[in-house]
Trainee: 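The structure's right below; bear with me while I get my questions together.
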Amino acid sequence: MKLYNSLSNKIEEFVPIVPNEVSMYVCGPTVYNHVHIGNTRPMIVFDTLRRLFEAQGYQVHFVSNYTDVDDKIINKAREEQQEETVIANRYIEAYQAIRDSLNIEKLSATPRVTQTMPEIIAFIGELIDSGYAYLVDGDVYFRVSKVANYGELSGQNIDDLQVGARIEENSKKENPLDFALWKVTDMGIKWSTPWGEGRPGWHTECVVMINKEFNKHTIDIHGGGMDLKFPHHENEIAQSEALYHTSIANYWLHNGMLNQDGEKMSKSLGNVVWAKDFIARLGSNVVRWLMLSAQYRSPLNISDDTIETAKTELNRVFTVLKQVDVKAQREQISGQESFDQEAFDHFIKAMNEDINTPNGFMEIFETMKVLNRELRQQPNDWNRITGLRNAIIKMLTVLGIVYVKPILTAEDTEQFNAWEAARLAKDYQKADEFRQALSAKGLI
RNA sequence: GGUUCCUUAGCCAAGUGGUAAGGCAAUUGACUGCAACUCAGUGAGCACCGGUUCAAAUCCGGUAGGAACCUCCA
């Protein structure tokens with residue numbers, strides 16, 4: 001398996017820390033609102049990566065967090081005159097519902113900031129003790145200049161960053177690039193620490209959760225959206241380098257952004273599409289197919305055209321599978337358990353090139369073509385047909401797409417037979433009626 | 001101003017030195033009672049200019065256009 005590592009900007013052969021095991025972490029949402037479809041791209045991409053590993057015998061330990069302490073949550077809570085936990089819990093539930101509806105495999109753990117506070121406070125304490133963090137009026141900031149490789153991930157150097165950095169008014173920081181580990185606060189949820197009451201900064205939690213959930217300082221894969229590269233991931237690395245001399249993960253993976261009709265989705269443009277609405281409209285299968293139609297690092301544009309194309313393509317895949325299953329039942333073929341390993345291997349090989357889903361799709365289409373030919377060959381080679389069918393279904397499983405096999409009822413079978421009989425008798429009006437009935441049931 | 005990246009047929013999208021995958025749409029043919037499904041065929045020389053090379057969409061330089069990031073947006 002080859003993966004593009006954002007840390008080296010190169011495609012590298014994936015070598016796990018522990019043979020046949022993969023530890024991966026993806027930054028989760030700040031739960032202050034529903035998520036939009038852009039947020040579903042990392043969910044789908046990294047779930048697909050996980051499935052790809054699992055299809056090859058890896059055991060995957062996959063953790064993603066919930067940021068349930070944040071200014072945005074506090075603001076939302078004030079707006080609604082609710083407790084912050086009510087807000088957070090509401091959107092955590094909503095997020096989980098999205099995961100379920102997108103057929104995302106169950107995560108190993110979904111830690112929350114509020115449940116990780118002792119560790120976060122201890123971690124910040126260590127950074128202070130070791131001189132990597134300093135106190136100003138109860139706030140704690142990370143001293144960026146003390147980390148030699150700061151900027152490694154985003155490919156920037158500290159001097160360039162400083163030129164571009166917006167200088168905050170009345171900044172208490174030694175350096176504008178220094179980031180907050182702890183903020184003193186008088187509003188919202190807060191915890192008491194040796195240096196004062198307040199709440200943690202965003203960048204610390206992920207590091208602490210990784211250390212805690214995996215019980216080690218270096219994991220295999222850390223993923224997230226391209227926009228998190230700087231400063232969030234850069235800052236995670238800085239903290240980990242400071243205390244543990246490791247960049248947390250051997251492979252850093254970043255998915256490209258999602259655009260709507262060529263524009264970035266944003267509230268100001270008024271083109272935000274909520275994930276729940278999008279999934280309700282198109283269904284999980286189409287959404288996943290659409291999200292995987294471009295390689296994960298490329299930007300992906302969502303438009304009516306790309307949505308229609310995804311629907312049509314996926315429909316073709318399901319059509320041939322359905323035709324196989326209907327025909328097998330009508331001809332009472334059973335007991336075939338064959339599997340076309342070669343076709344499946346082609347698919348895996350394509351996918352192993354840095355999750356090259358477009359080439360994975362290509363292998364599905366190629367396999368479909370062979371299957372369509374076989375299905376129209378007389379006599380049918382059911383061993384071959386079943387093997388191809390099962391291979392395609394397994395490919396879809398890696399993509400997280402679910403195919404439901406149609407089960408013919410006695411009535412269905414009768415209608416098929418009647419359709420055929422009417423055709424033979426050249427009673428086309430009657431034939432069309434049966435055809436339409438079967439079509440309405442999605443059987444042809 | 002800095003950093004990273006992109007520009008491949010009407011549309012989506014692979015390919016990163018050896019002569020352009022796949023899909024959608026279109027179109028021709030076969031199959032069909034008609035149709036759908038399906039199969040077979042048709043279509044680009046890779047933004048532009050210049051360079052390196054026996055050979056470039058692929059490497060280098062430049063031009064034009066576009067995107068993301070530069071303190072908390074996946």
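Proteins come first, then strands; the chains are lettered A, B, ... in the order of their sequence lines, and each starts at number 1.
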Trainee: Enumerate the residue pairs fulfilling salt bridge (Lys or Arg N to Asp or Glu O under 4.0 Å) with a member in residues 88-104 of chain A, sequence neighbours excluded, ordered by first and then second residue.
Mentor: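 Sorted pair list: A:Glu80-A:Arg90.
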Trainee: Where along nucleotides 26-40 of chain B does protein come under 4.0 Å, by heavy atom, of base (B) or sugar-phosphate alone (S), with - for untouched nucleotides?
Mentor: -------BBB-BSSS
Trainee: So that I know where these two stand, are A:Tyr95 and A:Tyr66 an aromatic pair - ring centroids less than 6.0 Å apart?
Mentor: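 Yes; A:Tyr66 has its ring centre under 6.0 Å from that of A:Tyr95.
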Trainee: Could you work out the separation of B:rA26 and B:rG61 based on their C1' atoms and round it to a whole Å?
Mentor: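 Between the two C1' atoms, the distance is 40 Å.
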Trainee: Using the ring of A:Phe344 (Phe, Tyr or Trp, six-membered ring only), decide whether A:Lys394 places NZ or CZ under 6.0 Å from its centre and within 45 degrees of its axis.
Mentor: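 Yes, a cation-pi geometry.
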Trainee: Rounded to whole angstrom, note down the P distance from B:rU7 over to B:rC60.
Mentor: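 B:rU7 and B:rC60 have their P atoms separated by 14 Å.
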Trainee: Mind checking the P distance from B:rA47 to B:rU27? Whole angstroms is fine.
Mentor: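 Per the computed distance, 29 Å lies between those P atoms.
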Trainee: Could you give the distance separating B:rC11 and B:rA36 at their C1' atoms, to the nearest angstrom?
Mentor: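 Pairwise C1' distance, B:rA36 against B:rC11, rounds to 24 Å.
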Trainee: Do A:Thr67 and A:Arg112 get their side chains close enough for a donor-acceptor pair, meaning under 3.5 Å?
Mentor: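 There is no such pair (donor and acceptor under 3.5 Å, judged by atom type) between the side chains of A:Thr67 and A:Arg112.
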Trainee: Indicate for each nucleotide in nucleotides 7-15 of chain B, in 5' to 3' sequence, whether protein heavy atoms under 4.0 Å reach the base (B), only the sugar-phosphate (S), or nothing (-).
Mentor: ----SSSSS
Trainee: Expressed in whole Å, how much space separates the C1' atoms belonging to B:rC39 and B:rA44?
Mentor: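 Their C1' atoms lie roughly 24 Å apart.
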Trainee: Are there any protein N/O atoms within less than 3.5 Å of an N/O atom in nucleotides 57-59 of chain B, and if so, which ones and at what distance?
Mentor:
none

Trainee: Going by salt bridge (Lys or Arg N to Asp or Glu O under 4.0 Å), name the pairs with one or both residues in residues 132-143 of chain A, residues two or more places apart or in two chains.
Mentor: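 Matches after skipping sequence neighbours: A:Asp139-A:Lys172, A:Arg143-A:Glu174.
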Trainee: Using a heavy-atom distance cut-off of less than 4.0 Å, which residues of residues 383-403 of chain A contact RNA chain B?
Mentor: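 Residues of residues 383-403 of chain A that come under 4.0 Å of RNA chain B do not exist, since none gets that close.
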Trainee: Give none if B:rA55 has no partner; otherwise give the nucleotide forming a Watson-Crick or G-U wobble pair with it, both distances under 3.5 Å.
Mentor: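 Pair assignment: B:rA55 / none.
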Trainee: Anything under 30° is parallel, anything over 60° is perpendicular, the rest tilted; go ahead and classify A:Tyr251 against A:Phe14.
Mentor: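 Plane angle between 30° and 60°, so tilted.
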Trainee: Let me know the distance between CG of A:Asp47 and P of B:rA74, rounded to the nearest Å.
Mentor: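 About 19 Å, once rounded to whole Å.
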